[in-house]
Amino acid sequence: MIVEWLLALGADMSAWFAGLQADWTPPVFLTEFATNLNSLLADLNGVGVWADWAYILAIVGIVLATWGITFAIKIVRAIASYIPFFGGAG
Amino acid sequence: MSRTLKVGVMAGLSFALAAIFIAVPTHTDPSAYATIIKPPIVPSPINVLPSTVGVISKGDVMINFMYQAIKTPEFWEAVKRQSIGVATSTDLQRIAVETLDKPVVPLVRNLAPLLKVANTAGGVLTAYSLGSFVGNGGMKLFGQDPEGAVCRSVGDDLGGIMVQLISGQMCGGFRSPAEYVPNLDAPMQYGSPQSCVTIAGSRSCSQILSRTTLPRALGPSWEGVPAYCIRNTGPNAPYPPVEPMVRYLNTWQVWYNTPWTLMNGASHGYYGCGSTSLSALYDTVGDSAPITGISASTSPATRVDVDTVRGNPTRNFRTSVIGSDGLIYDTRSPGWTETDSTFPVPDFPILPPDVIPSEIQVWQESPGLEPIPLYNEPTSPEYQTFAQRYPLCTTGSCMLDLTRNGITCFSGNSCVNWFDESMQGSDESTYKCSYGGQAVSLRECIVYKPMWNPQAQSQGNQLAKPDTGETLPNPTPNSGKDSETFDAPIKDPESSRKCIPEGWGVFNPVEWVQKPVQCAMEWAFVPRASVVNRELEGLTAPWVNKAPAQITNLVMGMQFQAPVGCDGIRVNVYFLGDPFHIMNACPGSPLAGMAMWSRIFGNIIFSVYGLVAMTRYIARVFGFSGLGSSGGDLD
């Protein structure tokens, strides 16, 4: 019941917050941008043999993941430095 | 108020601790410990005929037996031989029969019609689901497992699926097949995604945006033919279908590979859909790349009203069972739609005690649409024989009973040495075994071999394997208090609970302290699935028309995928005429070799980039600069 109450509270808060915002219709330039991007990607579909796109995407993904992990380590280390008698910054 | 609360809590804790210290002895002899805290279990008959493995008992004990049987080396050998990972339900059933050496009482004669159904009616139901459905029907008709003990006790691993299959319980509901197009029999709706398909876990939908009629310029035969502007949200969207005939649209269309555009297969150009703005869904059908002689002004779109109800109607499974009395007994499943990922299991009607089902029909019903017959088969002769012989089994009051001189052993009659006495043949007429009120072989009662043995009772091991007579270990290990305390499963939050002990349990401190606490904690912290679903629906609905959801829809609608072709970049400029490609590097073209070197150099460059970037990121964590860095830009 407690978790259910928390869920209901979260849903109510979400609905309240959503109610503060007006309905929004994407402007034409935005929807056309998505369309044009899809069209562009379709036009570029024929360049698959010019690069190993899967390999490149994997490399980029690994680099981003590494950045994310090391950034998280730095954050944790920075927070830990404020712990008295432990982190050394206080 | 807080003081009263504190006093109450302290009093409760004191009582609990006192109960534990009074009831639990201080010595640590495991056997004595277990003997003292474990009350003797009152023997009770099981409602299963052991030789009929297809009929599984309710409760955990016989499920444990099932696992014991399934996990034998012979079973896994059979698994290896039969490549069970891709086996069909009939294969599983056959392997079960071979491995367990037990006959199965099939409810229906064969599964062939089920396989056929899987390929019709929109492929809504898979053969596996229907096979389980039949078992489920059998389960209910046999009156077994009304509380869903099987589903609460087994998982989706192979053994669990095996138990589900044999027991007939379909725990996950009908699953949406991997590939099928829903609502083939429903009128197409406009505006919101309706026709969806799931392939390899990726869900794609088609959305009709607008409608027009093809102009005469495409040819005299095309004039007035309806054309639809359709948006696909994924690469596997149902449109265009494999066959040229689009059955909803009463015309045929050929898609070009660019979304938003239709190409008439008989011409050389495309037929564009114009604006893709959601606000202009039904405004105009234009010509982003006009066919010769066609312009936007010649082909205005027809605005179409959105009809989400008719396009994706609520369905029901209606199960009609024709009884031996000639009457038809109907029941309907809860409503569902074909765009749901799972479907409810068809329910079975409750038949009067003396009525045996002779024919089973399953229909898919939808308001305003013709019912679709999914299944129509008579019950199998084996089932009819079984039901006629054991009529009590169809009402759930079918018990396997052991009697001594005509009096059941479950009413206090002394049957401690029944197995040894009967095996010695001293008096074969003393002990009788019956099932559903009918006499059966005494061997069927071998599962009761240790039932009245005091030592077995104290350990809770009161059942034996029906084939060997070997004592089955209690599924709840009685090795100590810890396992009894912490191995207790979480109860189904949807069900009513029994928190306060009674009977022998009143002497067990675990029953008085730990279990009520667990009960209260589960009541407080384990949410009901129906509530969670309702809250999640309430969580998403208010956001549908808000900016975050709209932007998410836009992003989700973008078809990001790595290029795979070789014909180069398509150039599509109006005044240059038909589209053409540059940088064509298909095999045999002059640029094919260059493309190969491009791949090699690209891989080298990105490999070096990845290596340098990763070493820099990692090195900077430890205060170093990494490969190729001067060390002056540490962050």
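Labels below follow one simple rule: chain letters A, B, ... track the order of the sequence lines, proteins then strands, and each chain is numbered from 1. Both backbone and side-chain heavy atoms feed into the values below; hydrogens, waters and symmetry mates do not.
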Legend entry - Minimal non-hydrogen separation, B:Gly610 against A:Ile59, with atom names: CA-CG2, 4.0 Å
Legend entry - Segment of A:Ala65 engaging chain B (4.5 angstrom heavy-atom cut-off): neither
Legend entry - Options A:Gly19, A:Ser14, A:Ala15, ranked by heavy-atom pairs under 4.5 Å with chain B, top entry: A:Ser14
Inset, instruction - Examine whether an atom of B:Leu591 lies under 4.5 Å from a heavy atom of chain A, and if so say whether it belongs to the side chain, the backbone or both; otherwise answer neither. - result: both
Legend entry - Under 3.5 Å: donor-acceptor pair, side chain of B:Arg620, backbone of A:Thr70: no
Inset, instruction - Identify the heavy atoms of A:Gln21 and B:Pro548 that sit nearest to each other, and give their distance. - result: OE1-CD, 4.0 Å
Legend entry - Top of B:Cys566, B:Ala592, B:Ser607, B:Pro542 for chain A proximity - count of heavy-atom pairs under 4.5 angstrom: B:Cys566
Inset, instruction - Kindly give the heavy-atom pair with the smallest separation between A:Trp24 and B:Ala547, and that separation in Å. - result: CE3-CA, 3.5 Å
Legend entry - Smallest separation among heavy atoms of A:Val63 and B:Ala613, with atom names: CG1-CB, 3.9 Å
Legend entry - Those residues that, when tested against B:Tyr609, pass ring-ring contact (aromatic ring centres under 6.0 Å, His included) (two or more places apart): none
Inset, instruction - Kindly give the heavy-atom pair with the smallest separation between B:Arg599 and A:Val49, and that separation in Å. - result: NH1-O, 2.8 Å
Legend entry - Short side-chain to backbone donor-acceptor contact, B:Ser598 and A:Trp50, under 3.5 Å: yes
